[in-house]
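Throughout, numbering of the chain's residues begins at 1 and tracks the sequence.
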Amino acid sequence: MRTLTTSAHLQADTTARVTVFDPTPEDEGFVSLRVGGEFVDLALIARPGTADALRALACAAEEAASALDRIAETASDGAA
């Protein structure tokens with residue numbers, strides 16, 4: 001991945017969408033994974049051979065979501 005650091009807060013209405021750009025005679029094709037909201041839209045472009053990087057990102061997102069679930073459970077138990 002090329003280096004870029006930025007920050008944006010996810011909201012409950014944040015959207016994610018995948019667009020597949022099929023191969024053409026001039027290009028091998030790619031996939032665009034867009035995550036966005038009202039003011040920020042992040043597009044990740046993945047070419048063939050980068051599926052493992054997307055899978056790692058998906059695993060990290062699932063881990064983060066599980067951590068948020070645990071935080072919410074703790075808060076609802078009155079511990080936070």
Mind listing the closest non-hydrogen atom pair of [X] and [Y] along with its distance?
| X | Y | result |
| --- | --- | --- |
| Pro23 | Glu28 | CG-O, 3.4 Å |
| Ser32 | Phe21 | CB-CE1, 3.9 Å |
| Asp41 | Gly36 | OD1-CA, 3.5 Å |

Any chance you could measure [X], atom [atom1], to [Y], atom [atom2], to the nearest 0.5 Å?
| X | Y | atom1 | atom2 | answer |
| --- | --- | --- | --- | --- |
| Glu38 | Asp13 | CD | CG | 8.0 Å |
| Asp52 | Cys59 | CG | SG | 10.0 Å |
| Phe39 | Gln11 | CZ | CD | 10.5 Å |

Donor-acceptor contact below 3.5 Å, side chain Ser66 vs main chain Glu62: yes
Give a yes or no on whether the backbone of Asp27 and the side-chain of Thr24 come within a donor-acceptor separation of less than 3.5 Å.
yes
| Going hydrophobic residue to hydrophobic residue with side-chain gaps under 4.5 angstrom, can you get from Leu54 over to Val18? | yes
Path from Val20 to Leu33 over hydrophobic side-chain contacts below 4.5 Å:
yes
Self-check item: Side chain to side chain, Val31 and Ile45, heavy atoms closer than 4.5 Å
Solution: no
>> Assess the residue pair Leu44 and Leu57 against the criterion (side-chain contact (heavy atoms from CB on, under 4.5 Å)); give the C-alpha distance rounded to whole Å, side-chain angles, the decisive distance to 0.1 Å, and a yes or no.
In response: CA-CA 11 Å; Leu44 299 174; Leu57 177 62; 3.5 Å; yes
Test Val40 against Thr14 for side-chain contact (heavy atoms from CB on, under 4.5 Å), laying out the working first. CA-CA 10 Å; Val40 176; Thr14 298; over 6 Å; no
